[in-house]
Trainee: 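Let me begin by handing over the structure; questions about it come next.
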Amino acid sequence: MKKTLIAVVVAGAVIAGALIWRSGTTSPRHEKLAEVIIPLEGDIQTLDPAALSDPITSRVVWQIYEGLVGLNEKNEVTPMLAESWHTSEGGKKWSFRLRENAFFHRNPVFVGEKQTRVVKASDVVFSYERLARGFGSFVFQGLIEGFDEYVKKAAPTITGITTAGDREVTFTLTRPDLSFLYRITTPYLAIMAPEVLEANKEQFGRTVAVGTGPFRLTTASPTEITLERHPDYWRPTTGNVQRVVFRVEKNPQLRVAAFRAGNYSLMQLPFEFRSDFLDQGKLRPELSGQLVAFEAATFNVHYLGMDSQQLRDPKLRHAISIAIDRDTIAKKLLAGGAIPARGPVPPGMQGYEPPVNLRTDLAAAKKEVAESSYGGEELVLLVSSLPNHADVAQVVQSNLLTIGIKSRIDLVDLNTLVSRLFSKERPPLFMASSDWIYAAPELIMDVFKRSAQPNPNLFGYSDDRAEALFVELAKANDRAQINRLCAKIETIAAAGPPAAWLYHVTNFYVGQRYVSNLQVTGNNHWLLAELRTGQ
């Protein structure tokens, strides 16, 4: 009891202290060393890209590793380790030419005076084979020739990935896919050096991580990661930051208090503190002399998922969708930090605009419930501890009760929710979110596909009309045609939706006054090599 009381008093003191702003937060030490300290909202999962599934840890990993291509701040596909590429056979073959000046981070495992070497085509093959047996294997299932056989250990190599010398690698697909580039824009598909992994089997991903990115790992612990500039980095950058420290601080109140005290240079602003720093999405005038603010519309969607096997009646699912007051959730509950979602695809992605303009219609929802197979039973709504999800769930619960649907909120931690969604314990309703790593709508449309690739189908949903359009979509050869087909698929799915798409979050970031030029891509890659410190 005494320990608990002390903990509460300390926490209260920190929170109270957070209300008082310290003056002079611009630190000469930071300016001299061009160092930034950034808090992380969750534990450091792993520094091994092939095992990574956590978007918070990816903020660190993406500074260390790179893929063949990536996204720039405008969400355009840009060359990374591949300096160029071309496709043939209508998009069935993709060949990439590697840079001759892309060096791995220095490490004793590499022979030679500089203890480094350039990336080779064989590294690409090795890295994709590791991926095939890791978390992200679903990205290429059924797409790259021999990939599935390799995953099942029925073949020693992936036959669809071949090399020509040290600088060219070719992917042969099972079918033409003009969206292949958009699948590989994420550094989850990072290129690694096999000798580093071989020499550090126990520590790789924990205290050892060697990539080609703009920063290299210097120290690692479960609570803090330190990175320094990669001296042999291939690309000129505009930033001057030489050292980045990531520090785990899961408590948002303590995180904000430490930032206000000047202990952090830059942080993603927790939802519950947005009104303390922002007014209508802009930095409060009284803070403009001390802080800077940034925003980024990353590719994300928060949704109420519906298990189509348990809620088989499309009328019932549609009634649930049109009963939800998205405007209240996005504009009031989330203080304008989100926009109502009309579908799973963020608006504007590759010029795509969702076709379905969902409006709350309680009269129509009540009518559809009455005509549906709903028998008055209480539906379980599984909700995680993600920011705001519990509050949003209460609004949803109230909306559903208005149209005669009873529900019970089952609040669990995020890991429990994820495990239940991929098990036989999946409830009829669940609140979840997706941070898309893809930059094209056709890859996200897989949430409506019977056997979804590259995205898992959490809803058990399918429609024969949509399946026929997916066949056409696979053959589409220009962006306008792809977007039209995606809109048709969404229109079909909206009649008996597998999910009630709720909102897209806009991320806000605050920094001390000495920080400038934060760039964040749509797939939530912080381009810290472009960050600047100083007046």
Trainee: To the nearest 0.5 Å, how far apart are CZ in Arg243 and CZ in Phe215?
Mentor: 12.0 Å
Trainee: Distance-only check: which donor-acceptor pairs under 3.5 Å involve side-chain atoms of residues 74-84, not counting sequence neighbours?
Mentor:
| from | atom 1 | to | atom 2 | distance (Å) |
| --- | --- | --- | --- | --- |
| Asn75 | OD1 | Gly522 | N | 2.6 |
| Glu76 | OE1 | Asn72 | ND2 | 2.9 |
| Glu83 | OE2 | Arg167 | NH2 | 3.0 |

Trainee: If you measure from NE2 on His504 to CE on Met349, what distance do you get to the nearest 0.5 Å?
Mentor: 9.0 Å
Trainee: Just by modelled atom types, is the Met192 backbone N or O under 3.5 Å from a matching donor or acceptor in the Ser127 side chain?
Mentor: yes
Trainee: Answer yes or no: is there a donor N or O on one side and an acceptor on the other, between the side chain of Ser221 and the main chain of Glu224, under 3.5 Å?
Mentor: yes
Trainee: Working to the nearest 0.5 Å, report the span between CG of Leu291 and OH of Tyr514.
Mentor: 10.5 Å
Trainee: With Asn388, which residues qualify under side-chain hydrogen bond (donor to acceptor under 3.5 Å, both in side chains), at least two apart?
Mentor: none
Trainee: Is the number of heavy atoms from other residues, nucleotides or ligands under 6.0 Å of Glu202 CD greater than 12?
Mentor: no
Trainee: Please list, one pair per line, the donor and acceptor atoms closer than 3.5 Å that link side chains of residues 116-125 to other protein atoms, with sequence neighbours excluded.
Mentor:
| from | atom 1 | to | atom 2 | distance (Å) |
| --- | --- | --- | --- | --- |
| Thr116 | OG1 | Phe104 | O | 2.4 |
| Arg117 | NE | Glu195 | OE2 | 2.7 |
| Arg117 | NH1 | Asp123 | OD2 | 2.9 |
| Arg117 | NH2 | Asp123 | OD1 | 2.8 |
| Arg117 | NH2 | Asp123 | OD2 | 3.4 |
| Arg117 | NH2 | Glu195 | OE1 | 3.0 |
| Arg117 | NH2 | Glu195 | OE2 | 3.4 |
| Asp123 | OD2 | Lys120 | N | 2.8 |

Trainee: By the salt bridge (Lys or Arg N to Asp or Glu O under 4.0 Å) test, which pairs, at least two apart or in different chains, include something from residues 232-241?
Mentor: Arg106-Asp232, Arg235-Glu530
Trainee: Does Asn507 form a side-chain hydrogen bond (donor to acceptor under 3.5 Å, both in side chains) with Thr298? I'd like the steps, not just the answer.
Mentor: CA-CA 7 Å; Asn507 290 331; Thr298 57; 3.2 Å; yes
Trainee: How would you list, by chain and number, every residue that makes a ring-ring contact (aromatic ring centres under 6.0 Å, His included) with Phe147, sequence neighbours excluded?
Mentor: Phe140
Trainee: Report the distance from atom NE2 of His389 to atom CG of Leu382, rounding to the nearest 0.5 Å.
Mentor: 11.5 Å
Trainee: Can a side-chain donor-acceptor contact be found between Arg255 and Asn251 if the only test is distance below 3.5 angstrom?
Mentor: no
Trainee: Between Gln350 (side chain) and Ala440 (backbone), is there a donor-acceptor pair under 3.5 Å?
Mentor: no
Trainee: Before giving the answer on side chain to side chain contact (heavy atoms under 4.5 Å, CB included), spell out for Val241 and Arg532 the whole-Å C-alpha distance, their side-chain angles and the decisive distance to 0.1 Å.
Mentor: CA-CA 6 Å; Val241 173; Arg532 297 193 64 82; over 6 Å; no
Trainee: Could you give me the CA-CA distance, side-chain angles and deciding distance for Glu442 and Ser179, then say whether side-chain hydrogen bond (donor to acceptor under 3.5 Å, both in side chains) is met?
Mentor: CA-CA 8 Å; Glu442 60 270 25; Ser179 301; 2.4 Å; yes
Trainee: Nearest 0.5 angstrom please: Leu189 CG to Ile437 CD1, how far?
Mentor: 6.5 Å
Trainee: Quick check for you: to the nearest 0.5 Å, what is the distance between Leu40 atom CG and Phe246 atom CZ?
Mentor: 6.5 Å
Trainee: Would Arg420 and Asp410 count as a salt bridge (charged side-chain N to carboxylate O under 4.0 Å, His left out) if you check the C-alpha gap in whole Å, the side-chain angles of each, and the deciding distance to 0.1 Å?
Mentor: CA-CA 12 Å; Arg420 285 182 62 180; Asp410 187 359; 3.1 Å; yes
Trainee: List the steps, then state whether side chain to side chain contact (heavy atoms under 4.5 Å, CB included) holds for Thr157 with Glu129.
Mentor: CA-CA 8 Å; Thr157 63; Glu129 286 180 346; 3.8 Å; yes
Trainee: What pairs meet the salt bridge (Lys or Arg N to Asp or Glu O under 4.0 Å) rule with one or both residues in residues 295-307, with sequence neighbours excluded?
Mentor: Asp307-Arg426
Trainee: Under the criterion side chain to side chain contact (heavy atoms under 4.5 Å, CB included), I'd like the reasoning laid out for Gln512 against Phe259: C-alpha separation, chi angles, the key distance, then a yes or no.
Mentor: CA-CA 8 Å; Gln512 306 295 350; Phe259 174 77; 3.5 Å; yes
Trainee: Quick one: does Ser423's side chain have a donor or acceptor within less than 3.5 Å of a partner on Glu425's backbone?
Mentor: yes
Trainee: In chain order, what residues pass the side-chain hydrogen bond (donor to acceptor under 3.5 Å, both in side chains) check against Arg97, with sequence neighbours excluded?
Mentor: none
Trainee: How close do Asn240 and Arg229 get, counting heavy atoms only, and between which atoms?
Mentor: N-NH2, 4.0 Å
Trainee: For Tyr150, does the six-membered ring have the charged nitrogen or CZ of Arg133 within the cation-pi criterion, i.e. under 6.0 angstrom from the centroid and within 45° of the normal?
Mentor: yes
Trainee: Using the ring-ring contact (aromatic ring centres under 6.0 Å, His included) rule, take Phe171 and Phe180 through it: C-alpha gap first, then chi angles, then the decisive distance, then the call.
Mentor: CA-CA 10 Å; Phe171 295 81; Phe180 183 72; 5.4 Å; yes
Trainee: May I have the step-by-step check of salt bridge (charged side-chain N to carboxylate O under 4.0 Å, His left out) for Lys92 and Asp177, ending in yes or no?
Mentor: CA-CA 6 Å; Lys92 188 175 180 181; Asp177 183 7; over 6 Å; no
Trainee: Please report the shortest heavy-atom distance between Leu485 and Glu472, naming the atom on each side.
Mentor: CD2-OE1, 3.7 Å
Trainee: Who are the side-chain hydrogen bond (donor to acceptor under 3.5 Å, both in side chains) partners of Thr219, not counting sequence neighbours?
Mentor: Thr226
Trainee: When you measure from the side chain of Asn200 to the backbone N and O of Val196, does any donor-acceptor pair fall under 3.5 Å?
Mentor: yes
Trainee: Under a 3.5 Å cutoff, is there a donor and acceptor pairing between the side chains of Thr533 and Glu35?
Mentor: no
Trainee: Just jot down the ring-ring contact (aromatic ring centres under 6.0 Å, His included) partners of His105, sequence neighbours excluded, or say none.
Mentor: His230
Trainee: Does any non-hydrogen side-chain atom of Ile144 lie less than 4.5 Å from one of Ile161?
Mentor: yes
Trainee: For Ser419, what residues pass the side-chain hydrogen bond (donor to acceptor under 3.5 Å, both in side chains) criterion, not counting sequence neighbours?
Mentor: none
Trainee: What pairs with Trp526 under ring-ring contact (aromatic ring centres under 6.0 Å, His included), at least two apart in sequence or on another chain?
Mentor: Tyr509
Trainee: Write down the atom of Pro214, the atom of Glu66, and the distance for their closest heavy-atom approach.
Mentor: CD-OE2, 4.3 Å
Trainee: With a 3.5 Å distance limit and no angle check, can you tell me whether Ser265 reaches the backbone of Ile37 through a side-chain donor-acceptor pair?
Mentor: yes
Trainee: Can you tell if the side chain of Val301 reaches within under 4.5 Å of the side chain of Pro346, non-hydrogen atoms only?
Mentor: no
Trainee: What's the verdict on salt bridge (charged side-chain N to carboxylate O under 4.0 Å, His left out) for Glu41 and Arg59, showing C-alpha distance, side-chain angles and the deciding distance?
Mentor: CA-CA 11 Å; Glu41 305 93 295; Arg59 196 177 305 164; 2.8 Å; yes
Trainee: Would you say the side-chain atoms of Asp48 and Thr46 include a donor-acceptor pair closer than 3.5 Å?
Mentor: no
Trainee: For Tyr303, enumerate each residue passing the ring-ring contact (aromatic ring centres under 6.0 Å, His included) test, keeping only those at least two apart in sequence or located in another chain.
Mentor: Phe459, Trp501
